[in-house]
Amino acid sequence: MLPRTSLAHISVYKRLIHTSRPSFNFVGLPDPTSHLRPIIYTTATSSSFPSESKQHPYSLREFSDDTVDHELQWKLHREQLDAFNHAYWAESNTRFEAAKSSVLAALPPNAPTEAHEHALSDFYKKWVVQEWARQDEYAAELRKRTFEDLSLSAKVEFQRVKKRSASWRFL
C-alpha cells in the first residue's frame, strides 16, 4: 500500500511540473483610425504598438531546429501579424470615411433625412461590392499568417516541454 500524501506535498509536485513564469498581455485603448485595440505584449521586444514591423537581424530559417529560438520567432511573428492587421484596417477605414464624407458632401445642405439615408444606403451597398475582392485577399492572407502563428506557438510549447523534460528529476 502506498503512503498517503498531503496536499502540501502534492503542491510541490505541481510546482515542479509547471515552472514557467507567468506573463500577461495587456489590451490598449482603441486606435482612432483602425478601431482596433492593440495588444501590448509584456514579454515583447520593445514596441508597445504594432505599428512598426520588426524583423530579426538574421533569417531565422538559416538555423536548424535545435538552435532556433522559436519563442523569439513567435514574438516577432505576432507583432508582424498585429501590424499587418492594423495597417489593413487603418487604410480601409480611412478610405471608407473619405468616400462616405464625399457622398454626404454631394448632398444639398438642406436635404431631408430620407435623402441622407438613401445616399448612405447606396454608398454602403457599392462599398461592399467594391471591397469584396480586397477583403477576400486580406482574409486569405490573415488565415495564412494565423496558421503560421499557431504553428510557431506549438513549436514554442514543444520546445518548453522538451526543455522541462530534459531537466526532469524524479524525487
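Small disclaimer: the values here were computed from a predicted structure and weren't measured.
Across all their heavy atoms, Ala99 and Ser102 have their closest contact at O-OG, 2.8 Å. When all heavy atoms of Ser153 and Leu150 are compared, the closest pair comes out as OG-O, 2.8 Å. Contact between Trp127 and Ser92 at its shortest, heavy atoms only, is CZ2-O, 3.9 Å. When all heavy atoms of Ser34 and Ala90 are compared, the pair lying nearest together is CB-N, 3.6 Å.
A heavy-atom distance below 4.5 Å is found between the side chains of Pro30 and Arg37. Counting heavy atoms from C-beta on, the side chains of Thr146 and Leu81 come closer than 4.5 Å. Residues Trp74 and Arg78 are in side-chain contact: their nearest non-hydrogen atoms beyond the backbone lie under 4.5 Å apart.
A salt bridge is absent between Lys75 and Glu79; no separation between the charged side-chain nitrogens and carboxylate oxygens falls under 4.0 Å. A salt bridge between Glu71 and Lys155 is absent, with no side-chain N of the basic residue lying under 4.0 Å from a carboxylate O of the acidic one.
The side-chain hydrogen bond (donor to acceptor under 3.5 Å, both in side chains) test applied to Gln130 returns no partner, not counting sequence neighbours.
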side-chain contact (heavy atoms from CB on, under 4.5 Å) between Ile40 and Asn25, worked out:
CA-CA 6 Å; Ile40 301 164; Asn25 297 328; over 6 Å; no
Run the side-chain donor-acceptor check on residues 135-142: report pairs under 3.5 Å with partners two or more places apart or on a different chain.
| residue | atom | partner | partner atom | Å |
| --- | --- | --- | --- | --- |
| Gln135 | OE1 | Tyr88 | OH | 2.9 |
| Tyr138 | OH | Asn85 | OD1 | 2.1 |
| Tyr138 | OH | Trp89 | NE1 | 3.0 |
| Glu141 | OE2 | Arg145 | NE | 2.8 |

Under 3.5 Å, sequence neighbours excluded: what are the donor-acceptor pairs made by side chains of residues 107-121?
| residue | atom | partner | partner atom | Å |
| --- | --- | --- | --- | --- |
| His118 | NE2 | Asp122 | OD2 | 3.2 |

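How far CD of Gln73 is from CG of Leu152: 5.0 Å, rounded to the nearest 0.5 Å. Asn93 contributes atom CG, which lies 7.0 Å from atom CD of Glu97 (distance to the nearest 0.5 angstrom).
Judged by distance alone, with hydrogens and angles left aside, the side-chain atoms of Ser165 form a donor-acceptor pair with the main-chain N or O of Lys162 at under 3.5 Å.
Heavy atoms of other residues, nucleotides or ligands lying less than 6.0 angstrom from OH of Tyr124 number more than 12.
Linking Ile, Leu, Val, Met, Phe, Trp and Tyr whenever their side-chain heavy atoms come within less than 4.5 Å leaves Phe158 and Val156 in two separate clusters.
Taking the centre and axis of the six-membered ring of Trp132, the NZ or CZ atom of Arg134 falls outside the cone set by 45° and 6.0 Å.
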